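Below, read A as the first sequence line, B as the second, and so on, with proteins coming before strands; counting in each chain starts at 1. Side chains included, hydrogens not; waters and symmetry mates left out as well; all remaining heavy atoms used. On a predicted model such as this, the values are computed, not experimentally measured, just so you know.
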Number of protein chains: 2
Amino acid sequence: MEPLTTEQKIIKAASKLFTQKGYAATKTREIAEEADINLALLNYYFGSKERLYKEVVKNNLGMLLEVMIPILSDEKVSLKEKVVTIAENYTQLLLEHEELPIFILNEWTVNEDLFVDITRDARLFAKPVIEKQLKENGMEVSVDDFIANLLSLIMFSFVAKPLIVSSGLVEEGEFANFVNRRKEKIWEWMTKINQ
Amino acid sequence: MEPLTTEQKIIKAASKLFTQKGYAATKTREIAEEADINLALLNYYFGSKERLYKEVVKNNLGMLLEVMIPILSDEKVSLKEKVVTIAENYTQLLLEHEELPIFILNEWTVNEDLFVDITRDARLFAKPVIEKQLKENGMEVSVDDFIANLLSLIMFSFVAKPLIVSSGLVEEGEFANFVNRRKEKIWEWMTKINQ
DNA sequence: CCATGGATTAAACAAATGATTAAATCATTT
DNA sequence: AAATGATTTAATCATTTGTTTAATCCATGG
């Protein structure tokens with residue numbers, strides 16, 4: 001594979017550190033060292049730490065929304081397929097990027113404006129489609145609760161991984177199995193909850 | 001009521017800022033200003049920013065565990081009572097301290113050692129009791145999944161509040177109603193899931 | 001072959017930040 | 001009221017941190 005351009009090396013290093021440690025705890029010199037570039041190049045390419053950060057947030061949030069929005073708002077995909085596909089895709093994506101949920105949720109709290117336009121599509125397109133499909137499936141739950149329950153059941157294990165692992169509920173090496181087992185049951189759980 | 005001592009004023013201000021913005025983003029001068037005390041007093045009473053931080057983490061984590069451990073490990077409390085009481089207490093506590101879940105989970109990821117002894121009791125006492133009660137209730141779920149599902153259904157709304165609100169699923173002013181409605185259904189959901 | 005312009009580097013700067021100091025003040029005891 | 005110890009203050013220190021500058025490298029086109 002091609003060697004990374006300087007710009008790509010910086011984004012990659014910044015993404016790793018920002019998602020792991022947050023904005024304030026990540027120092028520009030650390031990013032430069034991780035990316036193996038001179039400190040000044042960071043400002044040369046991205047202008048400032050803040051602009052680099054926004055780039056990283058945009059990339060990572062995009063990655064999460066790409067998984068969800070097209071599936072949820074597609075009328076041709078059944079509700080079950082949606083739940084199964086989203087559970088599958090998210091579980092896989094989050095296993096590869098375990099730090100993502102907390103990073104995004106944290107960021108969403110601090111920096112709300114940044115997210116408004118990025119998530120406009122979800123608001124606009126997905127809600128009416130889901131509403132219709134819930135009725136067709138005889139589910140009496142609101143769209144709000146449906147999506148909250150779905151995300152809750154998929155993502156919470158990742159958000160609370162440190163709690164789950166260090167409290168001894170699940171061994172570190174068993175975590176992937178744990179979430180993969182849960183993933184399989186999510187449609188079953190959703191139907192039971194919203195019988 | 002008594003006026004706060006200098007020490008209490010510092011803890012209060014530090015707790016507010018640390019939980020809102022995290023360790024690195026919170027500056028000692030901010031804490032001093034928020035507490036309306038001189039900067040040097042912070043080091044006079046707590047030695048350093050780090051020691052003050054650990055004090056804050058200990059207080060806040062303690063607050064969360066106090067709600068859970070005594071209830072979970074009490075053999076005289078039925079499983080339903082446990083779920084209902086924990087859902088009730090957590091929802092109320094978290095509505096008053098909405099920033100707590102993300103702060104604790106974040107902290108748990110970064111600073112795992114700090115939590116090991118604080119959570120020892122939970123590991124030791126709660127697990128066998130719950131195991132027994134699950135059997136008695138004919139629930140075939142593992143203790144792991146049971147607690148993960150319980151916490152998941154209660155806490156996720158708070159963790160994902162920014163996502164839920166800014167995506168338009170729930171209005172800001174309706175959030176308390178939203179979690180209170182969910183709270184009432186948690187035992188029902190838990191029994192359905194683990195029928 | 002070298003001149004041009006982007007890419008890269010080392011060094012420096014200014015502001016921010018955690019911590020310390022020494023003096024001043026306050027409260028309590030003698 | 002004098003003495004003592006605890007508390008508070010303003011000033012300062014040393015380091016870190018984000019950013020900038022000026023010099024140098026290096027590939028490309030004339």
Side-chain angles (χ1 to χ4, degrees), chain A residues 1-61 99 103 106-107 109-114, chain B residues 1-60 99 103 106-107 109-111 113-114:
Chain A
M1 44 188 152
E2 297 281 309
L4 297 177
T5 67
T6 301
E7 211 174 334
Q8 290 169 328
K9 285 200 291 182
I10 296 175
I11 278 281
K12 188 179 169 189
S15 191
K16 174 178 172 186
L17 294 173
F18 279 142
T19 55
Q20 264 176 17
K21 325 189 339 166
Y23 179 78
T26 301
K27 310 306 176 187
T28 54
R29 281 169 178 80
E30 277 183 283
I31 299 175
E33 193 185 0
E34 173 79 27
D36 198 30
I37 53 109
N38 186 281
L39 172 59
L41 286 177
L42 191 152
N43 293 286
Y44 178 75
Y45 282 103
F46 295 94
S48 71
K49 180 188 177 184
E50 201 183 335
R51 285 229 282 278
L52 173 57
Y53 183 67
K54 287 188 177 168
E55 200 63 30
V56 167
V57 171
K58 216 177 68 184
N59 288 349
N60 284 293
L61 181 60
E99 69 297 337
F103 171 70
N106 219 342
E107 201 40 45
T109 312
V110 176
N111 212 338
E112 210 173 307
D113 331 345
L114 191 60
Chain B
M1 45 187 151
E2 295 282 307
L4 297 177
T5 67
T6 302
E7 209 174 336
Q8 289 169 328
K9 285 200 290 182
I10 297 175
I11 277 281
K12 189 180 167 187
S15 189
K16 174 179 172 186
L17 294 173
F18 280 142
T19 55
Q20 264 175 16
K21 325 190 337 168
Y23 180 78
T26 301
K27 310 306 176 185
T28 53
R29 282 169 176 78
E30 277 184 283
I31 300 175
E33 193 185 0
E34 172 79 27
D36 198 30
I37 53 108
N38 186 280
L39 171 60
L41 287 178
L42 190 153
N43 292 290
Y44 175 76
Y45 282 104
F46 294 93
S48 71
K49 180 187 178 184
E50 200 183 334
R51 285 228 281 280
L52 173 57
Y53 183 67
K54 287 189 178 167
E55 200 63 31
V56 167
V57 171
K58 217 177 65 183
N59 289 347
N60 284 295
E99 69 296 338
F103 171 71
N106 218 342
E107 201 40 45
T109 311
V110 175
N111 212 337
D113 330 345
L114 191 60

Asker: Among residues 23-43 of chain B, which ones have heavy-atom contacts with DNA chain D below 4.0 Å?
Answerer: B/Asn38, B/Ala40, B/Leu41
Asker: What is the nucleic acid contact for A/Phe46, judged by heavy atoms within less than 4.0 Å: base, sugar-phosphate only, or nothing?
Answerer: nothing
Asker: At what distance, to the nearest 0.5 angstrom, does CD1 of A/Ile10 lie from OG1 of A/Thr5?
Answerer: 8.5 Å
Asker: When you look at B/Phe18 and B/Lys49, which way does the side-chain contact (heavy atoms from CB on, under 4.5 Å) test go after all the steps?
Answerer: CA-CA 11 Å; B/Phe18 280 142; B/Lys49 180 187 178 184; 4.1 Å; yes
Asker: Output the distance between atom OH (A/Tyr23) and atom CG (A/Leu52), rounded to the nearest 0.5 Å.
Answerer: 9.0 Å
Asker: Restricting to side chain to side chain donor-acceptor pair (under 3.5 Å), what partner residues turn up for B/Lys16, sequence neighbours left out?
Answerer: B/Glu34
Asker: Just list the side-chain donor-acceptor pairs under 3.5 Å for residues 36-48 of chain A, sequence neighbours left out, or say none.
Answerer:
| unit_1 | atom_1 | unit_2 | atom_2 | d |
| --- | --- | --- | --- | --- |
| A/Asn38 | OD1 | A/Ala40 | N | 2.9 |
| A/Ser48 | OG | A/Glu50 | N | 3.4 |
| A/Ser48 | OG | A/Arg51 | N | 3.2 |

Asker: So what's the dot-bracket for DNA chain C: Watson-Crick or G-U pairs under 3.5 Å, [ ] if a pair crosses, | if it pairs off-strand?
Answerer: ||||||||||||||||||||||||||||||
Asker: Does the plane of the ring in A/Phe103 sit parallel, tilted or perpendicular to the ring in A/Tyr53? Use 30° and 60° as the thresholds.
Answerer: perpendicular
Asker: A/Glu7: which residues meet the side chain to side chain donor-acceptor pair (under 3.5 Å) condition with it, sequence neighbours left out?
Answerer: none
Asker: Run the side-chain donor-acceptor check on residues 26-33 of chain A: report pairs under 3.5 Å with partners two or more places apart or on a different chain.
Answerer:
| unit_1 | atom_1 | unit_2 | atom_2 | d |
| --- | --- | --- | --- | --- |
| A/Thr26 | OG1 | A/Leu17 | O | 3.3 |
| A/Thr26 | OG1 | A/Gly22 | O | 2.7 |
| A/Lys27 | NZ | A/Ala24 | O | 3.0 |
| A/Glu30 | OE1 | A/Lys21 | NZ | 3.3 |
| A/Glu30 | OE1 | A/Lys27 | N | 3.0 |
| A/Glu30 | OE2 | A/Lys21 | NZ | 2.7 |

Asker: Taking heavy atoms of chain A and a 4.0 Å limit, find me the 5'-most and 3'-most nucleotide of DNA chain D within that range.
Answerer: D/dT17 to D/dT21
Asker: Looking at residues 5-16 of chain A, who's got a heavy atom less than 4.0 Å off DNA chain C?
Answerer: A/Thr6
Asker: Check side chain to side chain donor-acceptor pair (under 3.5 Å) between B/Ser15 and all other residues, then give those that pass, not counting sequence neighbours.
Answerer: B/Asn60
